[in-house]
Amino acid sequence: MKQKHKKLSFDFWLIKMPATYAGGFGDALEAMSKVESIPKRNAEINKYTVRWEEISIQPRYIMGDFVKLRLDILPLKGGVDSKSMPLNLRLSEGISEPFAFLFDTQSSILVTQKNRYGASVSMFIEYVEKLGAVGEMIEIFPVLSKEGIQKLRQMDDVRTVSYKIAKPTQAEVDFDSNDSVDSAISTMRDVGGETIEVRITSGRKRKSLTLRNIARLAGNLLGGKTTGSAVVKKFEISGYTNGHRDEFDLIKEQLRATQEVPIAQSRSLSYNDRKNAITLALNSQKSELVGLFGNCCK
């Protein structure tokens with residue numbers, strides 16, 4: 001029988017620590033790693049139990065596994081010749097959804113594995129804030145391709161930002177907060193909608209929108225801070241470049257990498273599988289990162 005493979009996708013992020021924190025993101029990860037007891041590693045974020053499962057601290061790279069535990073409603077097990085039946089796990093057990101992470105302390109680039117059922121990047125960041133005793137909010141920004149950066153820099157007059165969000169795959173976020181995005185997603189769910197689209201314009205003032213705040217909004221949306229498991233389908237920026245109308249979709253310009261991983265007889269991917277894949281993903285984008293950030297990425 002031909003061995004099956006799974007394609008893993010990885011996203012690239014730039015980390016910015018709060019000015020009040022004396023160290024870097026690597027220091028927060030190292031502080032987090034010193035919490036060795038599994039029960040003490042657990043934290044509840046968005047009604048899910050999450051924790052770091054594996055972590056390796058090296059002089060330049062810090063990598064590990066971060067898991068989200070599904071402890072409430074579990075799937076059944078079934079076979080081609082047997083009826084479906086409960087998994088019969090203990091009350092303290094559930095389904096573990098992991099994602100691998102890799103942080104380059106030299107460039108402040110974080111690479112994360114995409115897992116639609118796993119934790120969002122923002123959940124991981126919030127976890128590091130808690131266990132690493134950071135004190136204030138860590139900001140994340142999507143790393144754009146070289147072409148994307150050029151398009152953004154050349155657009156000297158940004159007039160409109162629009163984004164489209166598909167309904168969540170899981171009810172993982174408490175949408176009773178005051179955040180406008182949370183509220184819009186809640187409304188979409190209540191009326192049975194499939195997508196919502198938000199459009200922000202400069203209006204009649206004819207004043208360019210602020211790129212820094214646009215980047216911050218993109219980080220919050222794409223990282224899942226205000227969207228949970230809802231999928232951001234589009235994040236379009238439009239305006240003028242040298243007097244000519246221009247637009248581009250930031251999602252298409254975010255730096256990503258994919259790796260195919262063989263699936264073992266256990267029908268699951270081990271931490272070593274994901275660790276090797278994320279290392280290859282980083283290496284596959286090294287030349288692009290050097291072009292964006294210089295020799296710190298070599």
Side-chain angles (χ1 to χ4, degrees), residues 1-10 32 35-55 64-101 112-127 130-131 165-177 182 185-186 188-195 223-225 227-231 259-278:
M1 180 182 293
K2 186 178 180 181
Q3 188 175 30
K4 293 184 178 180
H5 290 71
K6 182 175 178 61
K7 185 177 289 187
L8 301 182
S9 297
F10 301 92
M32 180 186 82
V35 183
E36 296 182 353
S37 165
I38 288 180
K40 290 183 178 179
R41 278 191 246 152
N42 293 333
E44 186 171 309
I45 299 177
N46 290 346
K47 298 184 178 180
Y48 281 94
T49 299
V50 295
R51 68 165 177 259
W52 68 263
E53 192 89 332
E54 304 279 353
I55 194 163
D65 232 9
F66 183 68
V67 300
K68 182 180 80 174
L69 301 179
R70 291 166 53 196
L71 299 170
D72 47 5
I73 302 174
L74 302 180
L76 301 175
K77 66 176 180 179
V80 294
D81 56 358
S82 61
K83 291 182 67 175
S84 297
M85 59 184 67
L87 294 172
N88 290 325
L89 301 178
R90 297 197 303 267
L91 287 177
S92 61
E93 296 177 324
I95 303 297
S96 177
E97 298 285 359
F99 80 55
F101 64 88
T112 59
Q113 175 194 343
K114 287 183 73 71
N115 181 349
R116 63 179 299 191
Y117 298 110
S120 65
V121 177
S122 68
M123 289 174 74
F124 174 61
I125 295 297
E126 185 175 340
Y127 179 85
K130 287 183 177 181
L131 264 71
I165 302 173
K167 73 177 182 181
T169 55
Q170 309 164 62
E172 71 170 33
V173 178
D174 182 2
F175 291 113
D176 294 330
S177 78
D182 290 353
I185 294 174
S186 177
M188 171 178 63
R189 186 177 60 184
D190 290 344
V191 301
E194 293 294 321
T195 63
K225 185 177 180 63
T227 54
S229 63
V231 179
Q259 293 291 325
E260 282 202 354
V261 181
I263 300 175
Q265 287 186 338
S266 63
R267 294 181 292 176
S268 62
L269 297 178
S270 69
Y271 168 57
N272 281 335
D273 293 330
R274 291 189 299 279
K275 182 174 73 171
N276 293 336
I278 201 170

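The structure displayed is predicted, hence computed values, not measured ones.
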Shortest non-hydrogen pair, Ile95 vs Pro75, comes out as CG1-CD, 4.0 Å
Sequence neighbours excluded, the answer for salt bridge (Lys or Arg N to Asp or Glu O under 4.0 Å) partners of Glu54 is none
Would the number of heavy atoms belonging to other residues, nucleotides or ligands and lying under 6.0 Å from CD of Glu36 be above 12?
-> no
After noting the C-alpha distance and the side-chain angles of Thr112 and Phe10, does the key distance pass the side-chain contact (heavy atoms from CB on, under 4.5 Å) rule?
-> CA-CA 5 Å; Thr112 59; Phe10 301 92; over 6 Å; no
Taking every non-hydrogen atom, the tightest pair across Arg51 and Phe66 | O-CD1, 3.3 Å
Any side-chain heavy atom of Met32 within less than 4.5 Å of one from Trp52?
-> yes
Judged by atom type as modelled, is there a donor-acceptor pair below 3.5 Å linking the side chain of Gln259 to the main-chain atoms of Ala277?
-> no
Which atom of Ser268 lies closest to which atom of Asp273, heavy atoms considered | O-OD2, 4.4 Å
Could you pull out all residues at least two apart from Lys6 that satisfy salt bridge (Lys or Arg N to Asp or Glu O under 4.0 Å)?
-> none
Going through the checks in order, is the side-chain contact (heavy atoms from CB on, under 4.5 Å) test met by Val261 and His5?
-> CA-CA 5 Å; Val261 181; His5 290 71; over 6 Å; no
Do the rings of Phe124 and Phe99 sit parallel, tilted or perpendicular, given the 30° and 60° boundaries?
-> perpendicular
Inspect the surroundings of CD1 in Ile73 and state if more than 12 heavy atoms from other residues, nucleotides or ligands are less than 6.0 Å away.
-> no
Partners meeting salt bridge (Lys or Arg N to Asp or Glu O under 4.0 Å) with Arg90 (sequence neighbours left out) | Glu93
Could you check Glu97 against Asn115 for side-chain contact (heavy atoms from CB on, under 4.5 Å), going step by step and ending with a plain yes or no?
-> CA-CA 8 Å; Glu97 298 285 359; Asn115 181 349; 3.6 Å; yes
Find out whether Val67 and Val50 are in side-chain contact, i.e. whether some heavy atom of one side chain is under 4.5 Å from a heavy atom of the other.
-> no
Apply the test side-chain contact (heavy atoms from CB on, under 4.5 Å) to residues Leu71 and Thr49: give CA-CA distance (whole Å), side-chain angles for both, the deciding distance (0.1 Å), then the verdict.
-> CA-CA 8 Å; Leu71 299 170; Thr49 299; 3.8 Å; yes
Roughly how far, to the nearest 0.5 Å, is OH of Tyr127 from CZ of Arg41?
-> 7.0 Å
So how far is it from Ser120 OG to Lys68 NZ, rounded to the nearest 0.5 Å?
-> 8.0 Å
Please answer whether the main-chain N or O of Gly78 pairs with a side-chain N or O of Ser84 as donor and acceptor at a distance below 3.5 Å.
-> no
Could you grab the distance from atom CD of Gln113 to atom CZ of Phe101, nearest 0.5 Å is fine?
-> 12.0 Å
Give the minimum heavy-atom separation between Pro98 and Asp65, together with the two atoms involved.
-> CB-OD2, 3.9 Å
Tightest non-hydrogen contact, residues Ile45 and Lys130, listed as CG1-NZ, 4.0 Å
Value for CZ (Arg70) from OG (Ser96), rounded to nearest 0.5 Å, stands at 10.5 Å
Minimum heavy-atom distance Leu8-Arg274, with the two atoms named = CD1-CG, 4.3 Å
